[in-house]
Amino acid sequence: MTTMTASITSTADLRGRRALVLGLARSGTAAARMLADAGALVTVYDRRPLAELAEAVAGLASHAVDLALAADPGEVLRLLAEADLVVTSPSISAR
């Protein structure tokens, strides 16, 4: 992860920050929308493929969000390393 230059104390502090949302269930979708609305550069990762996440992805259609669905482990590590902020969905497991 990169070092943040300032603490996040309000949604205005999210503007331009690279946010990685892990998990595209209901809470992950809501977090991605909020972060994008605040001006963060949002990427959403889920190990499931698009075919299993069509409804959740449709819920993000009007938001500027990059998708990393079923990404390989190396790509996930790169996303984690580049993120300023990581938000995990409650359904995320260590496996």
Side-chain angles (χ1 to χ4, degrees):
M1 277 187 214
T2 58
T3 303
M4 287 195 227
T5 57
S7 297
I8 297 172
T9 59
S10 72
T11 56
D13 296 330
L14 294 168
R15 182 162 299 286
R17 301 278 180 106
R18 289 173 296 208
L20 176 61
V21 177
L22 303 177
L24 192 55
R26 284 192 317 229
S27 61
T29 302
R33 277 190 243 147
M34 185 281 296
L35 290 163
D37 287 344
L41 308 172
V42 181
T43 300
V44 176
Y45 164 75
D46 198 295
R47 71 173 116 181
R48 297 173 291 170
L50 177 60
E52 293 179 31
L53 297 164
E55 186 176 329
V57 170
L60 295 172
S62 64
H63 292 78
V65 173
D66 291 327
L67 299 174
L69 305 179
D72 65 75
E75 174 68 3
V76 176
L77 290 175
R78 184 190 66 77
L79 291 170
L80 286 166
E82 292 178 355
D84 296 315
L85 173 69
V86 177
V87 177
T88 60
S89 177
S91 64
I92 291 295
S93 69
R95 293 192 245 159

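One-based numbering along the sequence shown. Quick caveat: nothing in here was measured; it's all calculated off a predicted structure.
The heavy-atom pair separating V44 from G23 by the smallest distance is CG1-O, 4.4 Å. Nearest heavy-atom pair across A32 and L60 is CB-CD2, 3.9 Å. Taking both residues in full, the closest heavy atoms of D46 and L24 are given as OD2-N, 2.8 Å, listed atom of the first, atom of the second, then distance. Contact detail for L79 and A68: the closest heavy-atom pair is CD1-CB, 3.6 Å.
The environment of R26 atom CZ is sparse: at most 12 non-hydrogen atoms of other residues, nucleotides or ligands sit within 6.0 angstrom.
In this structure a side-chain-to-backbone donor-acceptor pair under 3.5 Å is present from R33 to G59.
If you take OH on Y45 and CG on L67, they are separated by 13.0 Å, rounding to the nearest 0.5 Å. Between the OG atom of S27 and the CE atom of M34 there is a distance of 11.5 Å, given to the nearest 0.5 Å. In this structure, CG on L14 lies 5.0 Å from CD1 on I8, to the nearest 0.5 angstrom.
Under the side chain to side chain contact (heavy atoms under 4.5 Å, CB included) criterion, L41 pairs with R18, sequence neighbours left out. Legend: residues meeting side-chain hydrogen bond (donor to acceptor under 3.5 Å, both in side chains) with T43, ordered by chain and number and at least two apart, are absent. Among residues two or more places apart in sequence or in another chain, the side-chain hydrogen bond (donor to acceptor under 3.5 Å, both in side chains) test is passed with T11 by none. With sequence neighbours excluded, the residues that form a side-chain hydrogen bond (donor to acceptor under 3.5 Å, both in side chains) with T9 are D13.
Applying the side chain to side chain contact (heavy atoms under 4.5 Å, CB included) test between L85 and each of V21, L20, L35, V42 identifies L35 as the sole match.
Within the structure, side chain to side chain donor-acceptor pair (under 3.5 Å) pairs that include any residue of residues 59-68 comprise D37-H63 (at least two apart or interchain). Under the side chain to side chain donor-acceptor pair (under 3.5 Å) criterion, no residue pair touches residues 50-61, with sequence neighbours excluded. Applying the side chain to side chain donor-acceptor pair (under 3.5 Å) test to every pair with at least one member in residues 68-80, sequence neighbours left out, gives these pairs: E75-R78, R78-E82.
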